[in-house]
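See structure below.
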Amino acid sequence: MRRRDFIKVIAGLAAARPLAARAQRPAMPVIGFIRDGSARSEARWVDGFQKGLGETGYVEGKNVTVEYHWLEGKYDRLPELLADLVRRQVAVIATFSTLATQVAKAATVTIPIVFFVGTDPVELGLVDSFAKPGGNVTGINLLTAEVVAKRLRLLHDLLPNATRIAVLVDPNNATMTEAAVQDVQKAAPTMGLQTQIINATTVGEINEVFAAFERERPDALFVVPDPFLASRRVQLATLTARDRIPATYPVRDYVEVGGLMSYGPDFTDMFRQVGVYAGSILKGAKPAELPVLQSNKFELVINLTTANALGLTIPSGVMAIADELIE
């Protein structure tokens, strides 16, 4: 063999070896991440999920791939989306709503599912029990009834003379809305509060709601947890300020843009916990043996600038238990 030809052969083998090594390298596991809202409005919560993965040794893009699927209110996409994830046999499916979790559970009995839901997962038939979920599903549960009652109590403490409460919901998010409305209607009478359910599914309908308030003004507004409404938090804060309507919200994001008050779970931490469970499953843990966790970090946030603009004096008892006061 000529020296020149020999060098070509050696060079070819050297070039082929890294390609062969790469071909033999196992593909990174894929997590299918399904959330109702939008990436732009929930970036901080995604950071929490990634932090949870990191606590178990997984870094997105390095040793795990996360496919983000944002529904943005288009719930009819769920069956096709889940069918695709199941067909491709992703390693874990992470769901962040009751409806997405129910569709995922119906789609597969083998791929692990980690959820974040606001209603009792046992009653929904997602798990056998909190301690021993069984099957391929586990996750984090938010006890909405207790949170709703506490939010109404805080609102009542702030506005002791209020009686008429408008409850803003997104009827497109049927499962979450139904549970929230039931919780509100159960808790409100115990405090002497009357509730009126108000529907809004678009930007225009939110404007129409506030136009109607000019004719029949509520004493306060109660906004239920919902990705669409969360995406319109600036609009809601602006309209409530314009019309001088005190409002309570489910998460601090509303208060940070001018809303009056929020009480609810630390969503960033709950997303982190889903990330921890997803990472644990990638390392070999079985969903059936991971107990369903209940949220235990809640926060009360008050915007003092907004309170002053509304002419409200925050009671000392409420001030004392606030986790953060925004000025």
Determine whether a donor-acceptor pair (N or O, by modelled atom type, separation under 3.5 Å) exists between the side chain of [X] and the backbone of [Y].
X	Y	result
Asn63	Gly57	yes
Thr268	Gly48	no
Asp170	Asn199	no
Gln89	Val86	yes
Arg151	Val223	yes
Gln235	Val203	yes
Tyr254	Met261	no
Thr177	Ala174	no
Thr95	Ser97	no

From [X] [atom1] over to [Y] [atom2], what is the distance, rounded to the nearest 0.5 angstrom?
X	Y	atom1	atom2	result
Ile165	Gln196	CD1	CD	11.0 Å
Ile326	Ile302	CD1	CD1	10.0 Å
Asn308	Leu304	CG	CG	6.5 Å
Leu152	Asp157	CG	CG	11.0 Å
Thr138	Asn136	OG1	CG	10.5 Å
Arg88	Ile111	CZ	CD1	9.5 Å

Side chains of [X] and [Y]: closer than 4.5 Å at any heavy-atom pair?
X	Y	answer
Val92	Tyr277	no
Tyr75	Asp36	yes
Leu168	Leu236	yes
Ile281	Leu290	yes
Leu85	Ile34	yes

side-chain contact (heavy atoms from CB on, under 4.5 Å) between Leu155 and Leu193, intermediate numbers included: CA-CA 11 Å; Leu155 184 63; Leu193 300 175; 5.8 Å; no
Salt bridge (Lys or Arg N to Asp or Glu O under 4.0 Å) pairs, two or more places apart, involving residues 206-234: Arg164-Glu216
Residue pair Gln185, Ile197: steps toward the side-chain contact (heavy atoms from CB on, under 4.5 Å) verdict: CA-CA 10 Å; Gln185 292 179 333; Ile197 308 303; 4.0 Å; yes
Could you report the tightest heavy-atom contact between [X] and [Y], atom names first, then the distance?
X	Y	result
Ile206	Ala200	CG1-CB, 3.8 Å
Tyr249	Leu260	CE1-N, 3.7 Å
Arg153	Met191	NH2-CG, 3.3 Å
Ile314	Ala307	CD1-CB, 3.9 Å
Ala288	Pro133	O-CD, 3.3 Å
Asp128	Gly134	OD2-CA, 3.8 Å

Pairs meeting criterion side chain to side chain donor-acceptor pair (under 3.5 Å) with involvement of residues 45-54, two or more places apart: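 Pairs touching residues 45-54 that pass the test: Gln50-Glu60, Gln50-Tyr68.
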Asp269 bridged to Arg272 by N-O distance under 4.0 Å: yes
Pairs satisfying ring pair (Phe, Tyr, Trp, His ring centres under 6.0 Å), at least one member in residues 83-107, at least two apart: Phe33-Phe96, Phe96-Phe271
Test log, rule side-chain contact (heavy atoms from CB on, under 4.5 Å), inputs Val117 and Asn141: CA-CA 5 Å; Val117 298; Asn141 177 232; 3.9 Å; yes
By ring-ring contact (aromatic ring centres under 6.0 Å, His included) - contacts of Tyr58 (at least two apart): none
Results of ring-ring contact (aromatic ring centres under 6.0 Å, His included) for Phe213 - residues two or more places apart only: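 If we apply the ring-ring contact (aromatic ring centres under 6.0 Å, His included) test to Phe213, skipping adjacent residues, the hits are Phe210.
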Chi angles and distances behind the side-chain contact (heavy atoms from CB on, under 4.5 Å) call for Thr101, Leu124: CA-CA 10 Å; Thr101 307; Leu124 290 172; over 6 Å; no
Donor-acceptor list for residues 292-301 side chains, cut-off 3.5 Å, not counting sequence neighbours:
unit_1: Glu299; atom_1: OE1; unit_2: Arg252; atom_2: NH1; d: 3.4

Residues, nucleotides or ligands: over 12 heavy atoms within 6.0 Å of Glu80 CD: no
